[in-house]
Amino acid sequence: MNDTTIMPSSTATKNVELAGSIQFTFLAVVYILIAIIGIAGNSLVIAAVALCRKLQTPTNVFVVSLAVTDLLSCITLPFQAAMFLSTEDSRLPDGLCAFIGAVSIICLVGSIVTLALIAFNRCFLITQTRKTYSWLYTTKMLFLMTAMAWLYPTLVLVVPQVSGIGQLGYSPSYKACLWNEMHPLAYVSDILVAITFFFTFLIIIICYIKIWLYIRRHVRRLRTHSSIKSNNTEPSHLEDLSSTQEQHTDTQVGSSPHGQGAPNGSTVDKKRRPRSVSTREIEITKNLFYVVCAFFVCIIPYAITLTLPVDPILDLLVLYASVPLMFNGCVNPMIYAYKHPTMKVVFRYILKCRVGEIPKPSKCLRRVLSAKQVPAGLGPRINGMNDLRNSQQASRATPPVDHLKKDYQRTDSCA
């Protein structure tokens, strides 16, 4: 009787272990596939912004920062997959596992903060004037904002755990490199992450609600002035951006009449004209809103499972919920490739190895292309010859002009 009761329990234990090993193998394969797609896609985003001058806008500074966080997060996934397949004797070293956990935390929380910065940027861009936008989003401020997105998770989540308020490294519950959930102070990190999620989510929602309300009022204003817009004396509200405006501020301050009796071009009329929004700005804002929606769709299942009590089966559910969370690292390039008109074109040229045909190439790309066209050592000589030729042409063109001036003065004095 004892044998018959012991055998089923041992068999059940073997079945649970076998199922667990199969599930962890499946998760490891999925993680590696996500890593391959994410590394390729985010590298493509960074290369596109670096090669195309039209994409080098203040908003895309945050887009590149988000791509870097996703890229680093995808680079850590093969190590996490190795932990799924490892045993107690074949795990990664504690120092390396702690480093992988720190990078994962910085990238995950840093991407959330970056999404909040993107939402605020779009809200400020659309609802404020071009002058105010240019005043705030200078090169220095862009650097400080981007640095804040990286320093916040480092100082708030990583440094305290290194100092003893928690422990970075292997998590026995999830067989992953993050932080040890068994540590007595692990709840501090959980609370800090929850607070960060809540406030960034609140900022994003408020910003996009303000954008939606402003655009709705703008559309109503367009309908109200539809009869005036039909006249050719005033430019259209929905005029696309010029290349110069896209390069510097990625925005447009349009013009619309505020009073019918005010003359065209008057100072009073320009001051009273409401802020205009271009169709391009609306499309870019919608695309970035898709990025935010994709992020929260991917993170919500994981956030819900974290609220569940500690249990082996529920811990396995947390691991499955982490798959869409990790997949978010490769979904953003797909959105850009499908929705962003300029980035879609640049992607196509890069993938076809026709980088020289990218429209509006950046300074770096122009230098590389010019260096390839001019043989090595002939560049300075050719430039010197061109300068000499230009100076000779200028010196030849100057005397006739002076001579004409003197003749004109003579005739004028004679008259």
Side-chain angles (χ1 to χ4, degrees), residues 57-63 114-138 141-142 145 199-297 335-336 339-342:
T57 60
T59 301
N60 284 344
V61 171
F62 303 117
V63 171
T114 304
L115 288 174
L117 291 174
I118 290 175
F120 181 79
N121 173 269
R122 304 312 298 179
C123 181
F124 201 83
L125 167 67
I126 290 179
T127 59
Q128 302 298 320
T129 62
R130 177 184 176 184
K131 183 178 180 181
T132 307
Y133 181 83
S134 301
W135 169 80
L136 179 61
Y137 284 95
T138 59
M141 286 300 298
L142 286 170
M145 291 179 182
F199 280 104
T200 52
F201 181 75
L202 189 63
I203 292 172
I204 291 170
I205 293 298
I206 292 174
C207 288
Y208 279 105
I209 288 176
K210 288 187 66 176
I211 292 172
W212 178 72
L213 292 175
Y214 188 90
I215 292 177
R216 189 177 67 169
R217 289 195 301 267
H218 176 71
V219 172
R220 289 179 178 177
R221 191 166 59 240
L222 289 180
R223 293 174 181 174
T224 303
H225 297 287
S226 59
S227 58
I228 303 176
K229 278 178 56 183
S230 60
N231 298 329
N232 295 326
T233 57
E234 294 292 341
S236 173
H237 286 275
L238 299 179
E239 184 180 1
D240 287 336
L241 299 173
S242 64
S243 59
T244 306
Q245 290 170 334
E246 286 182 9
Q247 174 66 20
H248 294 289
T249 61
D250 196 25
T251 184
Q252 173 190 11
V253 179
S255 58
S256 62
H258 189 72
Q260 297 181 3
N264 294 334
S266 64
T267 306
V268 177
D269 186 47
K270 288 181 180 180
K271 290 182 178 179
R272 292 182 179 178
R273 286 174 183 172
R275 172 74 167 85
S276 178
V277 184
S278 69
T279 52
R280 181 179 180 83
E281 289 305 318
I282 296 175
E283 288 299 321
I284 293 175
T285 304
K286 286 169 60 178
N287 295 339
L288 293 173
F289 181 68
Y290 296 149
V291 172
V292 174
C293 291
F295 178 81
F296 282 103
V297 167
I335 296 176
Y336 301 145
K339 299 293 294 184
H340 198 291
T342 305

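None of these values were measured; they are calculated from a predicted model.
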Rounded to the nearest 0.5 angstrom, the CD1-CH2 distance for I209 and W212 is 8.5 Å

What's the separation between atom OG1 in T114 and atom CG in N121, rounded to the nearest 0.5 Å?
12.0 Å

Please tell me if the side chains of V61 and Y137 come closer than 4.5 Å, counting only heavy atoms from C-beta onward.
no

Contact summary for A119 and C207, nearest pair of heavy atoms:
O-CB, 3.6 Å

Tell me every residue that passes side chain to side chain contact (heavy atoms under 4.5 Å, CB included) with V292, counting only those two or more places apart in sequence or in another chain.
L115, I204, Y208, F296

Nearest-0.5 Å distance, CG of residue L125 to CD1 of residue I211:
8.5 Å

What heavy-atom pair brings I335 and Y290 nearest, and what distance separates the two atoms?
CD1-O, 3.9 Å

Check: F201 and I205 side chains under 4.5 Å, non-hydrogen atoms
yes

Side chain to side chain donor-acceptor pair (under 3.5 Å) against T132, all qualifying residues, sequence neighbours excluded:
T129

If you measure from CD1 on I215 to CG on L213, what distance do you get to the nearest 0.5 Å?
10.0 Å

Any chance you could measure T59, atom OG1, to I118, atom CD1, to the nearest 0.5 Å?
8.0 Å

From C123 atom SG to I203 atom CD1, the distance as rounded to the nearest 0.5 Å:
11.5 Å

